[in-house]
Asks: 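Okay, here's the structure, questions in a sec.
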Protein chains: 2
Amino acid sequence: MANISDIAKQAGVSKSTVSRVLNGHKHVSKEKRRTILDVMERLEYSPNGNAINLSRGKTNTMGVLVPRVGHPFFHQLIEGIGQVCMERNHTLLVIQTEHDSAKEEASIQYLRDKRIDGLIIGAISQPQLLETMRTVGPVVACEDHQDIVPSLSFNHGKAIIMLLQHVEERGAQTVGLCLGNPDSGVGRVRLEAFDQYLKTSTLRHGIQWYADRCYSFEDGQALAGQLLTIDLPDAIIVGNDEVAAGLIHQFRKDGIRVPEDIAITGFDDVPIARALEITTIRQPVVMLGRLAAEQLLDDALNQSESASSLLEPSLMIRQTT
Amino acid sequence: MANISDIAKQAGVSKSTVSRVLNGHKHVSKEKRRTILDVMERLEYSPNGNAINLSRGKTNTMGVLVPRVGHPFFHQLIEGIGQVCMERNHTLLVIQTEHDSAKEEASIQYLRDKRIDGLIIGAISQPQLLETMRTVGPVVACEDHQDIVPSLSFNHGKAIIMLLQHVEERGAQTVGLCLGNPDSGVGRVRLEAFDQYLKTSTLRHGIQWYADRCYSFEDGQALAGQLLTIDLPDAIIVGNDEVAAGLIHQFRKDGIRVPEDIAITGFDDVPIARALEITTIRQPVVMLGRLAAEQLLDDALNQSESASSLLEPSLMIRQTT
DNA sequence: CTACAGGCTGAAACGCGTCCCAGTGCAACA
DNA sequence: TGTTGCACTGGGACGCGTTTCAGCCTGTAG
């Protein structure tokens with residue numbers, strides 16, 4: 001395949017001039033430009049991206065670190081990031097850790113490595129890595145790690161409180177909690193808000209009504225099975241709509257009425273929540289992805305330190321509470 | 001930041017030797033290896049990925065071309081591909097076209113460009129581009145384009161026939177069809193199978209019962225609104241569970257009974273189909289992603305031409321038919 | 001008719017590893 | 001002791017653009 005020197009030779013000019021044409025610099029006579037363009041076309045020339053990356057010291061690529069692409073939160077996030085990448089002529093490298101901490105560490109390598117210009121953290125189970133990441137390149141987290149790296153996230157603590165207030169107003173006296181990864185930033189914030197709220201309220205919680213590492217519809221169904229063997233709480237706060245849906249689905253199959261016997265809330269307001277009329281927290285995740293990507297690009301461009309912020313959640317009251 | 005020459009200089013050896021250590025080649029004395037490793041650590045050396053890519057002429061990165069990451073089919077596909085990438089030490093570049101044909105064309109550039117070693121086509125609306133892509137680098141399609149590029153896909157035609165047979169057996173005499181992108185490979189195969197089946201059957205279809213470019217729950221809801229203004233068919237085949245869910249949800253809100261008044265089928269068997277007990281086609285999409293990625297890697301490695309194949313769908317009969 | 005400005009162009013260094021080839025040195029074998 | 005062979009090492013070309021700097025040329029102002 002032809003390279004820039006071939007083009008230069010054939011066109012009777014130097015590499016510099018070809019490069020100028022390639023990058024739309026001025027100071028190239030129209031005849032030479034014409035000739036060079038012709039030769040390029042004839043030889044089906046295409047510049048080597050890796051050479052450009054090496055030479056320029058950047059790749060116009062951003063990375064995103066997620067545990068799993070299939071999770072509704074993360075694929076929405078990726079969609080938003082992808083939109084911005086497309087608009088701003090960047091590409092998107094997806095690093096799926098599957099909660100493997102070695103992979104999380106390895107992802108730092110891409111940054112150090114110069115294979116990506118910046119990294120968006122969808123979720124991370126080892127926040128201590130953030131410190132290192134930040135020193136290596138531009139990073140934006142979509143969890144709340146404000147003290148360490150620029151973060152853009154939903155106010156998960158507030159969301160939990162809104163849900164608890166809501167179920168309490170509806171008369172619940174006991175409440176359960178079901179989370180995803182309790183070690184993630186989100187998990188910890190949610191747990192803390194939950195504990196905090198209970199201290200100032202008459203709502204009661206018990207360890208038998210706590211579950212975590214629930215990610216899917218099936219996990220929700222399984223949890224329903226477990227809960228059925230004990231006394232149900234009046235309400236349960238579930239960290240993910242799909243899990244909530246599985247729970248509701250299985251409960252109803254087993255003759256438990258929702259919300260009469262147990263109120264259930266979800267998180268994210270994905271289609272399944274609308275289909276089952278699940279009371280949930282709406283979080284414009286695609287937008288979060290967009291904002292994070294934009295912030296990352298602006299940072300990288302301007303070298304400016306960016307502010308962190310918390311996006312406000314909204315409560316969607318439907319039929320399961 | 002330190003580069004390989006700095007390391008070589010500090011360690012009192014040549015770049016070659018450092019490179020050997022870097023790549024785990026033998027024929028390096030343990031003392032030198034030791035010294036080099038020490039220097040690397042001291043200088044916090046990290047090899048420049050772009051230099052490696054340029055030098056080796058490959059990037060250990062595969063691209064995946066999808067219209068939208070948020071679509072259930074595509075995010076499952078990406079998840080599977082991502083798993084394989086992780087296992088085999090590759091990275092995954094996501095190209096989200098949003099059905100923009102210019103973007104589809106541009107994606108060829110990444111391949112030609114050497115920024116990716118191979119490309120997986122999730123869906124493409126301009127199949128004529130495949131011809132070019134194939135000449136540029138390894139490609140595997142997850143739609144049926146067997147005649148042009150290696151393809152791995154579900155037998156969508158057969159799936160449509162299974163659904164039509166099923167609703168016919170349940171007594172339907174008229175049937176509607178709702179697709180996503182009618183120009184995609186999948187869309188065309190489905191449409192053709194649908195038309196073909198109707199020719200040999202007493203099932204009737206009418207243009208008023210056809211819709212396309214429906215992708216989301218909301219699109220399904222909107223479609224329900226439209227259908228309500230005309231006579232309903234006995235059954236409708238919907239190309240996507242989320243759309244089917246929206247349709248069912250809206251119909252039920254408006255007092256239309258499913259399946260009594262209208263039978264509805266979906267596609268993909270995602271959680272929402274289980275939640276609403278939608279009769280659908282199960283397609284192990286994550287597995288498809290894995291297979292496609294593995295095939296691509298094996299191709300790229302062995303330069304071998306790979307076979308295409310059609311994966312068998314299975315019909316999940318539930319409550320909406 | 002100078003002089004200076006500004007447009008145009010090329011040489012060469014640079015970014016950074018990889019890898020082939022040509023040794024060097026020492027040990028084992030004849 | 002001479003030969004063969006293998007472990008180890010370095011030199012330098014190569015992959016391919018980008019960019020800086022110097023220099024040439026032409027037009028215009030003085």
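Every chain is numbered from 1 and lettered A, B, ... according to where its sequence line falls, protein lines coming before strand lines.
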Asks: Can you give me the first and the last nucleotide of DNA chain D (5' to 3') that has an atom within less than 4.0 angstrom of a non-hydrogen atom in chain B?
Replies: D:dA7 to D:dC16
Asks: For B:Phe154, enumerate each residue passing the ring pair (Phe, Tyr, Trp, His ring centres under 6.0 Å) test, keeping only those at least two apart in sequence or located in another chain.
Replies: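 Once residues adjacent in sequence are excluded, B:Phe154 has no partner under the ring pair (Phe, Tyr, Trp, His ring centres under 6.0 Å) criterion.
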Asks: Can a salt bridge be assigned to the pair A:Asp38 and A:Arg33 using a cut-off of 4.0 Å between side-chain N and carboxylate O?
Replies: no
Asks: Which residues within residues 19-41 of chain A lie with some heavy atom under 4.0 Å of an atom in DNA chain C?
Replies: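 Result for residues 19-41 of chain A: A:Arg20, A:His27, A:Val28, A:Ser29, A:Lys32, sorted by number.
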Asks: Rounded to 10°, tell me the angle between the two end axes of the helix from C:dC1-D:dG30 to C:dA30-D:dT1, each built from five pairs.
Replies: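 Angle reported: 50°, given to the nearest ten degrees.
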Asks: Looking at residues at least two apart in the chain, or sitting in another chain, which of them share a side-chain hydrogen bond (donor to acceptor under 3.5 Å, both in side chains) with A:Ser216?
Replies: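 Checked A:Ser216 against side-chain hydrogen bond (donor to acceptor under 3.5 Å, both in side chains); matches are A:Asp219.
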Asks: Please identify each residue that fulfils ring pair (Phe, Tyr, Trp, His ring centres under 6.0 Å) with B:His145, with sequence neighbours left out.
Replies: none
Asks: For B:Lys114 and B:Lys15, find the nucleotide of DNA chain D closest to each by heavy atoms; which residue's nucleotide sits nearer the 5' end?
Replies: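 Its nearest nucleotide lies further toward 5', so the answer is B:Lys15.
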Asks: List for me each residue that meets ring pair (Phe, Tyr, Trp, His ring centres under 6.0 Å) alongside B:Phe73, sequence neighbours excluded, and say none if there are none.
Replies: none
Asks: Applying ring pair (Phe, Tyr, Trp, His ring centres under 6.0 Å), which residue pairs with at least one partner in residues 23-57 of chain B are found, sequence neighbours left out?
Replies: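 Residue pairs with at least one partner in residues 23-57 of chain B: there are none.
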Asks: Go through residues 42-57 of chain B and report each residue with a non-hydrogen atom lying under 4.0 Å from DNA chain D, sorted by number.
Replies: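 The stretch gives B:Ala51, B:Leu54, B:Ser55 as the residues lying under 4.0 Å from the strand, ordered by number.
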Asks: So B:Val13, base contact, sugar-phosphate only, or nothing? Heavy-atom distance under 4.0 Å.
Replies: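 Result for B:Val13 = sugar-phosphate.
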Asks: A:Arg115: which residues meet the side-chain hydrogen bond (donor to acceptor under 3.5 Å, both in side chains) condition with it, sequence neighbours left out?
Replies: A:Asp113, B:Asn53
Asks: Using a cut-off of 6.0 Å, state whether more than 12 heavy atoms not belonging to A:Glu41 lie near its atom CD.
Replies: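 Not buried by this count: 12 neighbours or fewer within 6.0 Å.
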Asks: Do A:Asp117 and A:Thr59 meet the criterion of a side-chain donor-acceptor pair at a distance under 3.5 Å?
Replies: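 A:Asp117 vs A:Thr59: donor-acceptor pair found between side chains.
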Asks: Are there over 12 heavy-atom neighbours, none belonging to B:Glu87, within less than 6.0 Å of that residue's CD?
Replies: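 Check passes, neighbour count above 12.
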Asks: Would you mind listing every side chain to side chain donor-acceptor pair (under 3.5 Å) that reaches into residues 91-107 of chain B, with sequence neighbours excluded?
Replies: B:Thr61-B:Thr91, B:Glu104-B:Ser125, B:Glu104-B:Gln126
Asks: Applying side chain to side chain contact (heavy atoms under 4.5 Å, CB included), can you list everything that pairs with B:Ile52, at least two apart in sequence or on another chain?
Replies: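 Applying side chain to side chain contact (heavy atoms under 4.5 Å, CB included) to B:Ile52 gives B:Pro47, B:Arg56.
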Asks: Could you grab the distance from atom CD1 of A:Ile4 to atom CG of A:Asn48, nearest 0.5 Å is fine?
Replies: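 CG of A:Asn48 is found 11.0 Å from CD1 of A:Ile4.
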Asks: Measure the distance from CD1 on B:Ile7 to P on C:dG17 and round it to the nearest whole Å.
Replies: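 Computing the B:Ile7:CD1 to C:dG17:P distance gives 9 Å.
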